[in-house]
Every structure is written in structure tokens, then in C-alpha cells.
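See structure below.
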Amino acid sequence: MGGGADGGLRRRPSVERLLSLSTELAESREAHRTKTVHPHGARRAAILAAHPDIPTLFRTYPLSAAYTVALVAAQLCLAVALPAALPTWAWLTVSYVVGANIDHALWVLIHDATHNLVFTSALANRVVLLVANLPHVFPSAMMFRYYHILHHVELNKAERDPDVPTEWEARLVGNSPARKTIWLALFFIVQAVRTACYTYRVPRRAELGWIAANWITSLAVAAAVVVAGGWKALAYLLLASASSVGLHPLGARWIQEHYPTQPFQATYSYYGMANRVAFNIGYHVEHHDFPSVPWVDLPRLKVLAAEHYDGLFSYGSYSELLWDFIFERRWSLTARLEAERNMAAGGEVQAPFPAPVAAAVDGGR
């Protein structure tokens, strides 16, 4: 997804205000409170010391709202029109190939709105979340917002970071190719169950009101889609939604971001061509270093601080990563859970992957 380096960008009134709306300050405060070191804190400080111009990238990108509206409209139109015009196999294929890409792109825009990087108003960013979530059918944007912020603050802490698999989940899936395939195919359900079991912090008060609004708007649009295009139209949306976060080349993103490889890193980036249709979500190390940088400027951040990123392990192929994760038994959910617990205890992580996926960019298959 395009957008010029400056098109649609607006500077914030102050860097401090931006940081208070994103997560850097919250991460720093939590690390100070618990007397721990945030996984991205040291590199963030080093980059800021070496490149004092980095804060010029702390901005909003309102054009993301336009992308959101366009993608939502396109997806809903496809859902209503295609099942009525094409044979079943054809519209199901379009749902998996095209629809999943659209839904994944909308998840990335939900991600940026979660960090308040679309508008300066937190309220306006929440509205973007509600709109972007409409084609997904499942009303999950507000829950994502709540738990994603915790993910940044409590990064990779077992039982605290909602992104870390639960112990029962990791033991159940293990390293079985069949169980890993099912786990990834049903990842949208896994995420729902995982958050339901998460008790460290739970949404309260006003947050519950936004979650209710999320349910009302999503279900109302789903009902409207059924009225306009029948149940096949809803099936198109359901398949696209499940595939965008599951058994799909783009589904490898959920493995890429934080599952440990060799050498061990708290976070990993992907620099393949899929970033062109995924709003640069692959620049994940850069994002965790500076959550206040919008998607459009993450490649620029990598260039400006190249000496801090070029030496890190990164991925170049989602399809290769997906294949290896499923069929290589050294890849397992248990490995991540044990790695995070070992790091929390102050130990060294022995990565179980003697032959990691090659980092060279191969075209983002």
C-alpha cells in the first residue's frame, strides 16, 4: 500500500504528547516500576542518542483513514457481488486470495489506529478501529486495542503478555505438524480463547462501552450483508477474515513477529514484498522500538538507523516461514513459552533452531 513519505502526514504539537498516546512512555514506566529492562528499551535509547532527528518521524498519518474506508467498501462490495456472479469455487478462491489480503491490510490499519497514529484524537482513532473491523465479521478491534497495548508494555512476559501462548495451549499444540496446522487455521478462535483466559488485567468501565459498540456495529453490518447478498456473502467475509489471521502466507506474520529463532531476539522483522500490500507490518522490530512512528515511515526509520537493524536476523519469505513452522518439528509453541520464561528468570535462551529460515529477501513469496 502506497503513500508518499510526507503525503497525509501531520506533525504532532509535541513529541511528549505523542509518546503519551502511544506506548513508549508506558513501557518505560512499567520497566522502572518493576526494575526490569524492556526488550526494546536499550536499543531505543541508543538510536535516539545517535540520531536525535528520529522524533521527527513521530507523527500521524490521516490518509490511513481513507485507505480504511476504501478497503472496507471494496470488501463489502466483493462479498455481495461475487457469490451472485461466480461459481462457488471461484468466489471462495477470491475470498482466500484477495479477501484475506484486504482483511489483513485492515488489521494493520487497526494496529496503527490502536497506537493513535491515524488522527491526533484518541476518539477518532477508535472510530477508525470500528470501521476497519466491519468486514471481519468478528467484533474484535476493541479487544485487540486493549490487549495489544498490554502486549507492548509487558512484551514477551509469560502470563502477562497476551501474545505469549498459554501453557495449556503450548503443550496441546506442541511440535506436531497436524496440530500446528489446525492451530494456525483456527487462530482467530485461539486468540479469543486466550484472551478469555487472560486474567492479569481485564477491560473495565469505558472500555466495556467501546467493546459493546464494536459488537453492535459489526453485527449490524453482518446482518446487512446477509440481507443484501445472502448467506454466501457472509461466508465470503468469514473465510476472508479467518484466512487473514490463519492458514495463509500472511498468517506467517503471527509467527514472524516474536517466535524465537536463532539467534534469539525479542522481536523479528520481515522485509519481503508482502509489505507492499500489508502497510509495512513486517518492520516489526522498528515498530516495537518506536511505536509512535506510523507505518508509512517505518522503512525510513530503518534507513536512518541502519547500523542498529542491519545486523539483526530478519525474514524474507512468509511462505517459507509458514512451511518451516508447520513441518519442522523444532518449531513449536512450547519453545516460545519456555524461552520467555527463561529470559524472565535471567537465563540464557538456547534457540532450538539450528537452521533458521534464510534472511535474504526472495521476493516475499
Side-chain angles (χ1 to χ4, degrees), residues 1-3 63-113 118 127-141 144 181-182 184-189 191-192 213-254 272-281 295 318-319 322 363-365:
M1 298 295 174
L63 191 56
S64 291
Y67 282 126
T68 298
V69 172
L71 290 172
V72 168
Q75 187 76 312
L76 294 178
C77 288
L78 289 173
V80 172
L82 292 186
L86 299 176
T88 300
W89 68 266
W91 63 261
L92 287 175
T93 301
V94 174
S95 175
Y96 182 79
V97 176
V98 178
N101 276 276
I102 293 175
D103 273 6
H104 182 269
L106 287 169
W107 271 118
V108 182
L109 294 170
I110 286 173
H111 175 260
D112 256 39
V118 181
V127 172
V128 173
L129 264 74
L130 291 177
V131 174
N133 197 202
L134 295 177
H136 294 141
V137 183
F138 306 100
S140 46
F144 172 84
T181 299
I182 295 171
L184 197 54
L186 301 178
F187 193 68
F188 65 103
I189 296 176
Q191 286 283 62
N214 196 177
W215 276 82
I216 293 170
T217 54
S218 291
L219 295 182
V221 168
V225 166
V226 173
V227 170
W231 291 103
K232 288 184 178 180
L234 185 64
Y236 172 98
L237 291 180
L238 288 170
L239 176 60
S241 181
S243 301
S244 70
V245 295
L247 198 59
H248 187 282
L250 289 174
R253 165 197 161 190
W254 311 105
M273 290 184 66
N275 280 313
R276 297 183 181 181
V277 295
F279 294 107
N280 294 329
I281 193 62
W295 66 267
Y318 273 155
S319 59
L322 184 66
R365 296 190 298 264

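- Using a distance-only test at 3.5 Å, with no hydrogens or angles considered, a donor-acceptor pair links the side chain of T217 to the main chain of N214.
- To the nearest 0.5 Å, atoms CG (L238) and CH2 (W231) are separated by 9.5 Å.
- W254 approaches S244 most closely through the heavy-atom pair NE1-O, 4.0 Å.
- Interatomic distance, CH2 of W107 versus NE2 of H136, reported as 6.0 Å (0.5 Å rounding).
- Under the 30°/60° scheme for interplanar angles, the aromatic rings of F279 and W295 are found to stand perpendicular.
- Summarising the geometry of A222 relative to L234, their closest heavy-atom pair is CB-CD1, 4.1 Å, with the distance given to 0.1 Å.
- The structure places NZ of K232 at 15.0 Å from CG of L237, a figure rounded to the nearest 0.5 Å.
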Without placing hydrogens or testing angles, list every side-chain donor-acceptor pair under 3.5 Å for residues 70-77, not counting sequence neighbours.
residue, atom, partner, partner atom, Å
Q75, OE1, Y236, OH, 3.3
Q75, NE2, G99, O, 2.9
Q75, NE2, D103, OD1, 2.9

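- Note that CG of N133 and CG of L109 are 12.0 Å apart. Values are rounded to the nearest 0.5 Å.
- One N or O on the side chain of T93 and one on the backbone of W89 form a donor-acceptor pair closer than 3.5 Å.
- Heavy-atom minimum distance, L106 versus T68: CD2-O, 3.9 Å.
- Side chain of D112 to backbone of V118: no donor-acceptor contact under 3.5 angstrom is found.
- Residues V225 and A233 approach most closely at CG1-CB, 3.6 Å, considering heavy atoms.
- Residues meeting the side-chain hydrogen bond (donor to acceptor under 3.5 Å, both in side chains) test with H104, sequence neighbours left out: R253.
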Exercise for review: Report the C-alpha distance between N101 and H248 in whole Å, list the side-chain angles of each, state the deciding distance to 0.1 Å, and finish with yes or no for side chain to side chain contact (heavy atoms under 4.5 Å, CB included).
Suggested key: CA-CA 9 Å; N101 276 276; H248 187 282; 4.0 Å; yes
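- The two residues A141 and I110 make their nearest non-hydrogen contact at CB-CD1, 4.1 Å.
- No donor-acceptor pair under 3.5 Å is formed between the side chain of S243 and the backbone N or O of A240.
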Check your understanding: Can S241 and F188 be said to form a side chain to side chain contact (heavy atoms under 4.5 Å, CB included), step by step?
Key -> CA-CA 9 Å; S241 181; F188 65 103; over 6 Å; no
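- The two atoms that bring P249 and Y318 nearest to each other are O-CB, 3.3 Å, heavy atoms only.
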Practice item. Please lay out, stage by stage, how V98 and I102 fare under the test side chain to side chain contact (heavy atoms under 4.5 Å, CB included). Key: CA-CA 6 Å; V98 178; I102 293 175; 4.1 Å; yes
